[in-house]
Peer 1: 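One structure, pasted below without further comment.
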Number of protein chains: 2
Amino acid sequence: MTGHNFSSKREAIFKKIASTKSHPSAKWVYEELKDEIPNLSLGTVYRNIALFKEQGRVITVANVNGEERIDADTSDHAHFVCECCNSVYDLISSEQSPLEKQLVQNGFEIKRKNVVFYGICKKCSTN
Amino acid sequence: MTGHNFSSKREAIFKKIASTKSHPSAKWVYEELKDEIPNLSLGTVYRNIALFKEQGRVITVANVNGEERIDADTSDHAHFVCECCNSVYDLISSEQSPLEKQLVQNGFEIKRKNVVFYGICKKCSTN
DNA sequence: ACAGAAAACAGGAATGATTACTGTTTTTAA
DNA sequence: TTAAAAACAGTAATCATTCCTGTTTTCTGT
């Protein structure tokens, strides 16, 4: 398997993702890092995000305006996407679902769940 | 506003979407219809799906392998996406969420929610 | 029913996120 | 240190979706 080697860029990419609560896109990560890491390439960011996902260190939160938004907080929690400012908010407690038990009883294997609310956030509605 | 006029193609597209429980992609709808509707164009399918979404007659269910999957059943229900066969299943009862009340109390306006489970369906795991 | 006007459409080009490819650089492991 | 393996930069390719332009359908008032 790939991804067992150390790589300074890989570490920098993960740290950047883990350092923010903005639920960034690949492009955001690239833009943030390209100054401090000369000749970083966007492909490297994508490749490493794909690896982090395989490793379970990063999850996909939502697709906002065609861009995939990710999160290094892999704990069970839901999200709110503001359709006005495109912010993604964390929602602390995820609902405990009777659906999950039902699925497992019917022979479905759940690998992950994704709960997203869409709407207008407080900041946008009061401006 | 657009979309108030009758259009035979528009009606055919909506009926096709509403006739299936497969949670189709735009391309699937196009492939299904192109034989019975000569010179239907994929752009027309996309344009009308966008309109149906504005009108609230169709919802986005999930993005599966880069393709947006839609549903003409706009009632409140969750979905299961099989990562093996890419089938999308309906889950009858959607969970009632304490998060929703919490969001509204904090000034967030919820327009829609999206609950998706990802995993391996029974059919795939027994084959 | 008929004539503009408005809305939809076909077909193809453009966009933009993501992935693939190739030659070079880093990292590993002995 | 050194050769093999893994990562990488840079760029080209892919592919879903959107945009554009000239044509066709639909609508509305007569």
Side-chain angles (χ1 to χ4, degrees), chain A residues 1-17 22-55 57-71 81 83 86 88, chain B residues 1-17 22-55 57-71 81 83 86 88:
Chain A
M1 181 190 173
T2 190
H4 281 170
N5 288 7
F6 170 83
S7 150
S8 57
K9 289 175 183 174
R10 176 169 301 154
E11 288 314 297
I13 292 168
F14 185 77
K15 275 182 188 157
K16 179 59 74 179
I17 297 169
S22 71
H23 308 83
S25 65
K27 188 152 159 254
W28 183 93
V29 175
Y30 171 69
E31 294 292 338
E32 284 284 310
L33 288 175
K34 72 177 182 187
D35 289 333
E36 61 190 79
I37 304 178
N39 64 25
L40 174 67
S41 86
L42 183 55
T44 295
V45 175
Y46 274 108
R47 184 163 10 85
N48 280 289
I49 288 174
L51 177 65
F52 299 149
K53 285 199 259 180
E54 275 181 43
Q55 295 174 333
R57 297 207 287 161
V58 155
I59 56 173
T60 297
V61 162
N63 190 294
V64 180
N65 284 352
E67 285 187 340
E68 183 163 297
R69 303 281 288 266
I70 59 174
D71 196 346
V81 175
E83 293 176 327
N86 294 329
V88 178
Chain B
M1 182 189 172
T2 188
H4 282 170
N5 287 8
F6 171 82
S7 151
S8 57
K9 288 175 183 174
R10 176 169 301 154
E11 289 313 298
I13 292 168
F14 185 78
K15 275 183 188 155
K16 180 56 76 177
I17 297 169
S22 71
H23 308 84
S25 64
K27 189 156 158 248
W28 184 91
V29 174
Y30 171 70
E31 295 292 337
E32 284 284 309
L33 288 174
K34 72 176 183 188
D35 288 333
E36 61 192 80
I37 303 179
N39 64 23
L40 174 67
S41 85
L42 184 54
T44 294
V45 175
Y46 274 107
R47 182 164 13 86
N48 281 288
I49 288 175
L51 176 65
F52 300 149
K53 285 199 258 180
E54 274 181 45
Q55 296 174 334
R57 297 208 287 160
V58 154
I59 56 173
T60 297
V61 163
N63 189 295
V64 181
N65 284 351
E67 285 185 342
E68 183 163 297
R69 303 283 288 266
I70 59 175
D71 196 346
V81 175
E83 294 177 326
N86 294 329
V88 179

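Throughout, a chain's letter reflects where its sequence line sits, starting with A, and its residues are numbered from 1.
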Peer 1: A/Arg69 CZ to C/dA17 C1': how many Å, rounded?
Peer 2: 14 Å

Peer 1: Report, as yes or no, whether the 6.0 Å neighbourhood of atom NZ on A/Lys53 holds more than 12 heavy atoms from other residues, nucleotides or ligands.
Peer 2: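 Yes, because the 6.0 Å sphere around NZ of A/Lys53 holds more than 12 heavy atoms from other groups.
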
Peer 1: If you check the B/Glu67 side chain, which of D/dG10, D/dC8, D/dA16 turns out closest?
Peer 2: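 Minimum distance to the B/Glu67 side chain belongs to D/dA16.
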
Peer 1: Taking for each residue the nucleotide of DNA chain D with the nearest heavy atom, is it A/Ile37 or B/Gly43 whose nucleotide lies nearer the 5' end?
Peer 2: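 By nearest-heavy-atom nucleotide position, the 5'-most residue is A/Ile37.
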
Peer 1: Let me know the distance between CD1 of A/Ile49 and P of D/dC8, rounded to the nearest Å.
Peer 2: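 The answer, rounded to whole Å, is 12 Å.
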
Peer 1: Would you indicate what B/Ser8 reaches in the nucleic acid, counting non-hydrogen atoms under 4.0 angstrom: base, sugar-phosphate, or nothing?
Peer 2: sugar-phosphate

Peer 1: Distance check needed: C/dA8 P versus B/Arg10 CZ, whole Å only.
Peer 2: 4 Å

Peer 1: Once you round it to whole Å, what is the distance between P of C/dT18 and CZ of A/Phe52?
Peer 2: 16 Å

Peer 1: Do B/Tyr30 and B/Leu40 have side chains that approach each other closer than 4.5 Å (heavy atoms only, starting at C-beta)?
Peer 2: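 B/Tyr30 vs B/Leu40: side chains touch.
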
Peer 1: In the structure I gave you, are the side-chain heavy atoms of A/Asn39 and A/Lys9 within less than 4.5 Å of one another anywhere?
Peer 2: yes

Peer 1: Nearest whole angstrom, please: distance from the C1' of D/dA5 to the CZ of A/Phe6.
Peer 2: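 Atom-to-atom, A/Phe6 to D/dA5, this comes out as 16 Å.
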
Peer 1: Can you tell me how far the CD atom of A/Glu83 sits from the CG atom of A/Asn65, to the nearest 0.5 Å?
Peer 2: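 Output value for this atom pair is 9.0 Å.
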
Peer 1: Just the rounded figure in Å: distance from C1' of C/dG12 to CG of B/Leu40.
Peer 2: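 Computing the B/Leu40:CG to C/dG12:C1' distance gives 15 Å.
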
Peer 1: Choosing from C/dA10, D/dC8, D/dT17, which nucleotide comes nearest the side chain of B/Leu42?
Peer 2: D/dT17

Peer 1: OP1 or OP2 of C/dC9 less than 4.0 angstrom from a side-chain nitrogen or oxygen of B/Arg47, does that happen here?
Peer 2: yes

Peer 1: Between B/Ile70 (CD1) and D/dA16 (P), how many Å, whole number?
Peer 2: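 Going from CD1 in B/Ile70 over to P in D/dA16 covers 15 Å.
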
Peer 1: Looking only at side-chain atoms of A/Ser7, point me to the closest of D/dC8, C/dA8, D/dT17.
Peer 2: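 Selected nucleotide: D/dC8.
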
Peer 1: Mind checking B/Lys27 for me? I need base, sugar-phosphate or nothing, with any heavy atom below 4.0 Å counting as a touch.
Peer 2: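 The residue B/Lys27 makes no contact with any strand.
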
Peer 1: For DNA chain C, whose closest nucleotide is more 5', that of B/Ser41 or that of A/Asn65?
Peer 2: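 Between the two, 5'-proximity favours B/Ser41.
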
Peer 1: Between B/Phe14 (CZ) and C/dA8 (P), how many Å, whole number?
Peer 2: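 Value for this atom pair: 16 Å.
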
Peer 1: Determine: side-chain N/O of B/Asn48 to OP1/OP2 of C/dC9, distance under 4.0 Å, yes or no.
Peer 2: yes

Peer 1: Rounded to the nearest 0.5 Å, how far apart are OG1 of B/Thr44 and CG of B/Leu33?
Peer 2: 11.0 Å

Peer 1: Check the phosphate of D/dT17 against B/Tyr46, side-chain N and O only, distance under 4.0 Å to OP1 or OP2. Yes or no?
Peer 2: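 Yes, such a contact exists.
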
